[in-house]
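Below you'll find the structure, written out as structure tokens, and then a few comments.
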Amino acid sequence: MEDRYYKRIIEELLKLIDAGVHIVDERGVGLFYNDAMVKLEEINADDVIGKDFTAAFPEINLKDSTIYQAWKDGVSTMNKTQTYKNMYGKTVTTINSTVPVNEGGKPIAAIEVAKDITNIKTMSDTILSLQGKELEPHRVEPTIRKYTFSDLTGKSPLFETAVNRGRTAAKTNASVFIYGETGTGKELMAQSIHYDGTRKNKPFLAQNCAALPETLLEGILFGTAKGGFTGAIDRAGLFEQANGGTLLLDEINSMPYDLQSKLLRVLQEDYIRRVGGSKDIPIDVRIIATVNESPEKLIEEGKLRKDLYYRLNVVGIDIPPLRDREGDIPLLADVLLIKNSKRFNKKLTKISEGALRRLNEYDYPGNVRELENIIMQSVAMAEDDETVLDDKLLQMPTRMSSAEKNIVKWDRQSSLDAYLSKLEAEIIRKVMIEENGNVSKAADALSVKRQTLQHKLKKYKIEH
């Protein structure tokens with residue numbers, strides 16, 4: 001086969017790849033630059049192909065450039081964060097994996113695959129900036145609700161056991177590990193432990209570990225040092241900002257395994273080192289970690305380090321699901337009715353026996369959060385003069401048989417491919433709803449890679 005055919009095949013292959021791909025020859029001259037990379041770096045392929053790669057990125061520092069290191073020095077890099085400007089001054093942040101291609105011991109090309117995280121980088125910078133502003137001594141008192149144990153409603157034995165363990169934990173500085181299904185109130189428990197405890201006048205910060213990729217999550221937690229990587233600046237992370245207080249690590253099982261080991265070292269040694277820095281910074285931070293799956297199951301599946309679990313589980317608290325909290329639904333429903341009646345300026349003060357019966361019969365896969373959503377919708381639909389939340393007002397989820405769920409009827413006028421695509425979109429949409437928009441969890445439920453699911457969400461225009 002002629003070389004030009006191989007080139008044509010590669011060009012078509014690169015069109016199918018969702019990530020950006022940039023290939024240079026042994027001189028650093030562009031050979032291939034796919035459409036995904038054009039979109040990511042916002043320059044034209046003509047600015048790159050057939051030209052030295054520095055022409056499109058005149059401000060890039062060669063010693064920090066992964067593609068330069070690959071073709072010049074034969075160095076491979078995996079999942080490295082880079083921030084740089086293109087020839088038009090546009091700032092781009094990517095996670096790059098770059099490898100040299102050798103023949104007979106000599107470099108003949110370098111291949112770089114890039115993922116755009118510019119928006120995520122901006123978001124993470126904003127998170128840290130806002131956290132820093134909230135901690136300034138002259139700030140106006142925040143309006144965000146601070147929860148204490150007096151805000152936790154329930155009389156069932158299982159729930160009272162959890163609350164009592166939380167009250168005991170509040171009197172100490174020990175690490176706390178909270179397990180509970182989605183919507184059971186893990187963050188409310190964590191806030192109660194903090195604001196009823198010895199650190200109540202110190203910062204309480206929270207970070208969802210599933211919200212960011214590893215490279216950015218590490219910087220958010222530990223901070224960054226100027227020059228540590230391309231685009232890095234001196235910035236305190238959440239550990240420094242929460243010093244003296246409490247740091248809630250939500251869904252800690254979503255934290256990458258390698259980063260879990262770094263967290264364990266911090267907990268053992270009581271100091272952090274900023275990403276790219278060399279200075280050890282002592283910290284005094286209480287950690288409260290949460291998971292929504294059984295920790296034993298997470299350890300068995302390799303999603304949670306056993307040594308980290310034992311280090312965090314000094315005080316373990318299991319929050320029971322609502323279906324196991326006997327007698328708590330009427331108490332919670334009354335509290336939520338009053339709360340949402342005020343929110344929507346309604347006069348509802350009582351729940352009818354029929355409505356209460358239906359509330360008690362439901363199994364609440366979304367737990368207390370789902371119960372609140374049901375009450376909120378019902379109150380919002382009530383007339384302004386109604387005082388009783390009756391059965392006819394109750395906005396309960398409709399039950400479908402297993403045969404009815406996610407069935408997309410085949411239109412004989414459409415092709416099989418179109419039908420399967422529509423069916424796939426419906427299944428993904430349902431799982432995303434069940435997992436509250438969490439892409440990582442939905443990917444696990446569907447047994448696909450996170451990147452694959454991201455691509456399909458974009459393909460089917462499913463918001464999350």
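Checked by atom type, the side-chain pair Glu187/Tyr147 shows no donor-acceptor distance below 3.5 Å. Asp328 and Ser156 share a donor-acceptor pair across their side chains, judged by distance under 3.5 Å alone. Under 3.5 Å, the side chains of Arg235 and Thr224 contain no donor-acceptor pair of N or O atoms. Defined by atom type and a distance below 3.5 Å, a donor-acceptor pair is present between the side-chain atoms of Thr66 and Glu112.
Side-chain atoms of Asn34 come within 3.5 Å of backbone atoms of Val21 as a donor-acceptor pair (strictly under, hydrogens ignored). In this structure a side-chain-to-backbone donor-acceptor pair under 3.5 Å is present from Asp47 to Asn44. Listed for the His194 side chain is a donor-acceptor partner under 3.5 Å among the backbone atoms of Lys202.
Judged as a salt bridge (Lys or Arg N to Asp or Glu O under 4.0 Å), and not counting sequence neighbours, the contacts of Lys297 are Glu293, Glu301. Partners of Tyr309 under the side chain to side chain donor-acceptor pair (under 3.5 Å) rule, at least two apart in sequence or in another chain, are Asn313.
For the pair Tyr362 and Leu371, the minimum side-chain heavy-atom distance is 4.5 Å or more. In this structure, Leu322 and Glu370 have side chains that are not in contact, with every pair of non-hydrogen atoms separated by 4.5 Å or more. Using a 4.5 Å heavy-atom cutoff, the side chains of Arg305 and Ser261 are in contact. Arg325 places none of its side-chain heavy atoms less than 4.5 Å from the side chain of Leu158. Within the 4.5 Å cutoff, side-chain heavy atoms of Ser65 are placed close to those of Phe53. Contact check for Val101 versus Glu103: no side-chain heavy atoms found under the 4.5 Å cut-off. For the pair Trp71 and Thr98, the minimum side-chain heavy-atom distance is 4.5 Å or more. At least one side-chain heavy atom of Arg286 sits less than 4.5 Å from a side-chain heavy atom of Thr172.
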task = Please assess Glu41 against Val48 for the test side-chain contact (heavy atoms from CB on, under 4.5 Å), listing each intermediate value before the final yes or no.
result = CA-CA 11 Å; Glu41 294 183 326; Val48 178; 5.7 Å; no

Candidate pair Gln207 and Leu217, rule side-chain contact (heavy atoms from CB on, under 4.5 Å), full reasoning = CA-CA 9 Å; Gln207 175 60 47; Leu217 181 58; 3.9 Å; yes

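Applying side-chain contact (heavy atoms from CB on, under 4.5 Å) to Phe149 and the options Ile193, Asn164, Leu188 leaves one that passes, Ile193. Tested against Asp444 for a salt bridge (Lys or Arg N to Asp or Glu O under 4.0 Å), the candidates Arg450, Lys303, Lys449 yield a single pass: Lys303. Between Tyr33 and the choices Ile23, Ile49, Asp46, the side-chain contact (heavy atoms from CB on, under 4.5 Å) rule is met once, by Ile49.
Figure legend: Arg199 and Phe204 shown without cation-pi pairing, the cationic atom not lying both under 6.0 angstrom from the six-membered ring centre and within 45 degrees of its axis.
With respect to the salt-bridge test (charged N to carboxylate O, under 4.0 angstrom), the residues Glu372 and Arg369 do not qualify.
The environment of Gln377 atom CD is dense: over 12 non-hydrogen atoms of other residues, nucleotides or ligands sit within 6.0 angstrom.
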